[in-house]
Amino acid sequence: MEIYENELFRTANKLRGKIPPSDYKFYVLPLVFIRYMSAKKNDNVWNKIVDNSNDEKIASLLDEELMKILPKFNNMTNPYEDMYVNSNLPARTINDLINLINEIDLQSNSEQIDYLGQIYEYFIGNFAATEGNRGGEFFTPPSIVNLLVNMLNPQQGIIYDPACGTGGMFIQSSKYSGSNLKFVGQEQNCKTILLAYMNGVLHGLDIEIKNGDTLLNDCFPDLRADYVISNPPFNMKEWGAEQLSADDPRVFGMVNKNNANYMWIQHFIYHLKPQGKAGFVISNGALTSSNEADFITRKKMLERNIVDCVVQLPDKMFIGTAIPSALIFLDMNRNKDDKILFIDAGKCGESVSKTQKVISKVNIESISKLYQSFKNKKRIKYNVRGYSWASTVEEVLLNGCKLMPGIYTGVEEIIVDQRENEAEIKNLKVKLMEQIKISNQMANTLLKGLIS
C-alpha cells in the first residue's frame, strides 16, 4: 500500500496552485469513495468514470455520480453539489487523479473495505499535516486517538462525538468492539461532515451525523450515550455564551463566556447515561484554571465524584499548535471511595519531526493497561513517583481542585548507588590528573621555546 500512498499524495500535489491546500481533501477523497461504492454495489459506475476520464465533461460526470451516493441531510444543503464543475481543476488534473486511484488493485485484495479505508485515512492525515493550523481543526493525531479509545475501551452501545471532524474517533473505536456500536456525531463544517460520513461508510459503521454549532445548537438534545469520545476545539474565545438560554439543561456549574472548555465538558456530561463514560482531550490550562466559572464547575465535577483519570500528554502532539494538552476520563457510576488516577505521560512522546511527536504502541498499551487495571481494582502499584498516582477526591479538593497530574505524581525518584558514584568520581579524578599532566608538559615545552 505504501507505493499507492506515496503516488496518491504526489498526484494530489498537482492540485497545488489551482485550489487552496485546505481544499485538497474535498476533491481527492470523494474519488476513493466513489470507487468503493461502485465496487460494493458491483455496478459499472467507476468503469464509466475511468473510460470518460479524458472527456472535458468529466467534472459533470463526477458531480452527478457523487450526488447519487451521498446522503440527503435534513438540516443542511449538500455542499458537494457541482463541486468539481465549480472548481478550477483542469480536466487533465482530474484525469490524473482518477487514473491513479484506478491503479489500486482491489481484485487481489479481499479486504477492500479496510484497504480503501486505510488509503482514505492516510490522505486525511497527510492533508492535515500540509494544512498546518487548519489541519488540526478536523484531525486528531492517530496516536492520541488510539490512546484515548484504548483506555476507554468501548464495547457496545452509543458513542457520541459532538466535535467529530472527519470521524477519526469513530473509526478507531470500531476496532475495539466489532459491530456492537452506533456512532453519533455533530460537526459545524458541512464539507467535513461528508468526509466523516464517507469515512464511516468505508469502514462499515452505523453512523449518524448532524450539522450545527454544538454548544449553541445541540442537534441531539435527547441523546444519552454510553460513551463520549471527543477532541473539542481548545480555548474557544467569544464562542457565543450570551446566546445560551438561562435555563440551559446542560449547565450544572457556571459558564465561562471567554473560554468554552468547561461548556464542552458540561455538554459531554449532560449527554451521558447514568452509567456512561467519557474520554476527551483538553488543554492543560483547563486542569488548573482559576477562572471562577471554571473552578466552580470543576469543583462540582469532583463533588459529584465523576472524575476518574487524568493523563498528561507529551508536548508537540498536535499539528500546528504548541498548546500542552491532557486527557480527562469521566465515569458517571463511580463508587464513593474510588480514587482518581493521575498519569504523567509527558516523557512518552517520540519525535517524528522537529515539530511533531507521537506516542508509541508500546507506551499506549502500557498506559492503557495501567488504567484498565485501576478500573478493575487490581492490586498493583499505582503510586510511582514521576509517572502515576492514585489520589482521593478529598485530596484533590484540598489542592484547589487542580487536576494537573504532576501535582500528584511529583518528580521521579532517582535511586543513587553510592558505590557507583564513588567509582565514577575516582575515574574522573584519574582523567583530570592525566589532563593536568598533559597540560603541564605542553606548558613546559612552550616555555622552553620562548627562552631559547
Could you please spell out the steps behind the salt bridge (charged side-chain N to carboxylate O under 4.0 Å, His left out) verdict for E365 and K369? CA-CA 6 Å; E365 290 177 352; K369 184 177 180 180; over 6 Å; no

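- A donor-acceptor pair shorter than 3.5 Å can be found between the side chains of N363 and S360.
- Neither side chain, Q312 nor D344, offers a donor N or O lying under 3.5 Å from an acceptor on the other.
- Considering only residues two or more places apart in sequence or on other chains, Y80 meets the ring-ring contact (aromatic ring centres under 6.0 Å, His included) condition with none of them.
- Between I269 and L330 there is a side-chain heavy-atom pair separated by less than 4.5 Å.
- Among residues two or more places apart in sequence or in another chain, the side chain to side chain contact (heavy atoms under 4.5 Å, CB included) test is passed with N258 by N256.
- Pairing each heavy atom of S38 with each of W46, the nearest pair is OG-N, 3.1 Å.
- Under the salt bridge (Lys or Arg N to Asp or Glu O under 4.0 Å) criterion, the residue pairs touching residues 324-338 are D308-R334, D331-K375, D338-K377, with sequence neighbours excluded.
- Looking only at atom types and distance, the side chain of D247 has a donor-acceptor partner in the side chain of S245 under 3.5 Å away.
- Between V149 and M169, the shortest heavy-atom contact is CG2-O, 4.2 Å.
- Taking every heavy atom of both residues into account, S173 and L181 meet most closely at O-CD1, 3.8 Å.
- Side-chain contact, Q186 with D213: no donor N or O sits under 3.5 Å from an acceptor N or O.
- The salt bridge (Lys or Arg N to Asp or Glu O under 4.0 Å) analysis of residues 145-162, with sequence neighbours excluded, yields no pairs.
- Across all their heavy atoms, A390 and Y382 have their closest contact at CB-CB, 4.3 Å.
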Verify side-chain contact (heavy atoms from CB on, under 4.5 Å) between V184 and K182, making sure each step is shown before the conclusion. CA-CA 7 Å; V184 178; K182 176 179 174 59; 4.1 Å; yes

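- Here the side chains of N199 and I171 are in contact, with some heavy-atom distance below 4.5 Å.
- When all heavy atoms are compared, the tightest approach of M67 to K72 is O-NZ, 3.6 Å.
- Inter-residue side-chain proximity for N291 and Y262 is flagged as unmet; no heavy-atom pair is nearer than 4.5 Å.
- Atom NZ of K402 sits in a sparse spot, with 12 or fewer heavy atoms from other residues, nucleotides or ligands closer than 6.0 Å.
- A side chain to side chain contact (heavy atoms under 4.5 Å, CB included) with L287 is found for one member of P324, C401, P405 and no other, namely P405.
- To the nearest 0.5 angstrom, D51 atom CG is 10.5 Å from I98 atom CD1.
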Evaluate the criterion salt bridge (charged side-chain N to carboxylate O under 4.0 Å, His left out) for residue pair D248 and R250; output intermediate values, then yes/no. CA-CA 6 Å; D248 191 307; R250 298 171 295 176; 2.9 Å; yes

Would you tabulate the side-chain donor-acceptor contacts of residues 222-229 under 3.5 Å, counting partners in other chains and residues two or more places apart, or write 'none'?
residue: R224; atom: NE; partner: Y270; partner atom: O; Å: 3.4
residue: R224; atom: NH1; partner: P221; partner atom: O; Å: 3.3
residue: R224; atom: NH2; partner: Y270; partner atom: OH; Å: 3.1
residue: D226; atom: OD1; partner: K273; partner atom: NZ; Å: 3.3
residue: D226; atom: OD2; partner: I158; partner atom: N; Å: 2.7
residue: D226; atom: OD2; partner: K273; partner atom: NZ; Å: 3.2
residue: Y227; atom: OH; partner: Q155; partner atom: N; Å: 3.2

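- Contact detail for I58 and A91: the closest heavy-atom pair is CG2-CB, 4.3 Å.
- Donor-acceptor pairing under 3.5 Å is recorded for the side chains of N44 and N47.
- Residues in residues 323-354 take part in these ring pair (Phe, Tyr, Trp, His ring centres under 6.0 Å) pairs, two or more places apart or across chains: F329-Y371, F342-Y408.
- Summarising the local packing, NZ of K299 is surrounded by 12 or fewer heavy atoms from other residues, nucleotides or ligands at distances under 6.0 Å.
- A distance of 6.0 Å or more separates the ring centres of Y160 and F183.
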